[in-house]
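Contents: one structure, followed by commentary.
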Amino acid sequence: MFRLLTSCWSRLKTTQETRRSVTIIMIGLDNSGKTVLLEVFQRLLPSRMGHCLKSELTTLLLDEYEVSIYDLNGDKKGREIWPNYYAQAHGLVFVLDSSDLERMQEVKIILTRLLSDKRVAGKPILLMANKQDKKNALLPCDIVEYLLLERLVNENKSLCRVEPCSAINNLQRRNHQSIIEGLRWLLAAIGDKHEELCTRQQPLTSSLPTSKSTRGSGARWPSDSFTTRMGTSKAKRQHLGPCSMEARPLKPILHKEELRLRPKKNISVTFALDEPTKEGECSGRNGARNTTELYYKPGDDSQPPAPYVADNHFEEPRAKSRMDSWDAEEILLESSCEEVLKSCEY
Ligand SMILES: Nc1nc2c(ncn2[C@@H]2O[C@H](COP(=O)(O)OP(=O)(O)OP(=O)(O)O)[C@@H](O)[C@H]2O)c(=O)[nH]1
Ligand SMILES: [Mg+2]
């Protein structure tokens, strides 16, 4: 018995010692649901207790990662201090209210500015398409199209995944698994280039309120030793695709087989480095999945409209908004990222 306990304790200790420390910033417009989403993560995952005075900082444990998450306010004043955190972050969670069509243009401007910031470019980003429980919520593939995400992530060489979710539903039902998948993807993407991301990492700028805790400061990362010791599993690499940031295009991949019939389903869209495809195959990231993953073609009118499907993750039946009907937004869809930035007053 004593031996068993000792062995459990030493295994626990080893796990704790080999955990990779990762910093993530959670941003997005005000009212998008960041704080509720973080609450879901907190309920689901064990947290690292610490004497931390920074109310916006939470440290959670997931797989082999110790994840420090900054929940930053999304109002105008809050947005002014986002850049102070960019250099410290290994990756980003950008939360958007998928049902707030009026603010989608604001999201586009902010996201364009964000991804082109040199402290952010190249870092993995998880877009949580929140509030999918609402009737008029846009599907991930429509969000990809509207935000010109394919071009944006290619220009800035950031791996990206759009994950549909409803933080409120998850909070109430304690049905969290799908919501954690996105976070897992982000951590795997960060883990794959942890060393490079740690090299770019810098402590928070001094203009921010200070904390007695060292948690969240740039000095605490024992990055190199972890990187060389741990590496990323083969399965994760296959999931993410080869992650060196060469000038190869990132392609959005829709998961799940039945998409061929229902391409506009409420599921995640992942951008990964595209691999050359063999004739007759869809674009995918590893050989085994090439035949089942679909290459999502924005603006492909031959695809059937999005029907409501009974096995949808979310509760209410709804007629989904289609980008085709947004005639007034045509100009925005056509405009390049530079043009979007020029019109940006943020
Ligand atoms: N219907 C619905 N409402 C949600 C969901 N997630 C959050 N909300 C609601 O949206 C509102 C804003 O949520 P918050 O989490 O405070 O938003 P926030 O992004 O943290 O906002 P700031 O801190 O001001 O930047 C609250 O009234 C939430 O209850 C969701 O998935 N569905
Ligand atoms: Mg908040």
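None of the values given here were measured: they were computed from a predicted structure. Read the numbers this way: they start at 1 and go in the same order the structure lists the ligands and their atoms.
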| message | Checking Lys131 against Asp100 for the salt bridge (charged side-chain N to carboxylate O under 4.0 Å, His left out) test, could you report, in this order, the C-alpha distance in whole Å, the side-chain angles of both residues, the deciding distance, and whether it holds? | response | CA-CA 9 Å; Lys131 305 201 184 181; Asp100 196 347; over 6 Å; no
| message | Between Asn156 and Ser116, do the side chains contain a donor N or O and an acceptor N or O under 3.5 Å apart? | response | no
| task | Only one of Asp192, Val93, Leu186, Leu187 passes side chain to side chain contact (heavy atoms under 4.5 Å, CB included) with Pro124; say which it is. | result | Leu186
| task | Answer yes or no: is there a donor N or O on one side and an acceptor on the other, between the side chain of Ser98 and the main chain of Ala137, under 3.5 Å? | result | no
| said: If the criterion is any heavy atom closer than 4.0 Å to an atom of ligand 1, which residues make the list? | reply: Leu29, Asp30, Asn31, Ser32, Gly33, Lys34, Thr35, Val36, Asn73, Gly74, Asn130, Lys131, Asp133, Lys134, Ser166, Ala167, Ile168
| remark: Distance col, row Asn84:CG vs Ile25:CD1, nearest 0.5 angstrom, shows 10.0 Å
| query | Are Asp117 and Lys123 within salt-bridge range, i.e. N to O under 4.0 Å? | reply | no
| request: Report the protein N/O/S neighbours of the Mg ion (ligand 2) that fall below 2.8 Å; do not count waters. | output: Thr35 OG1
| query | Is the Phe94 ring parallel, tilted or perpendicular to the Trp82 ring (thresholds 30°, 60°)? | reply | perpendicular
| Taking only residues two or more places apart in sequence or in another chain, which ones pass side-chain hydrogen bond (donor to acceptor under 3.5 Å, both in side chains) with Gln42? | Thr58
| query | What residues, two or more places apart in sequence or in another chain, satisfy side-chain hydrogen bond (donor to acceptor under 3.5 Å, both in side chains) together with Asn73? | reply | none
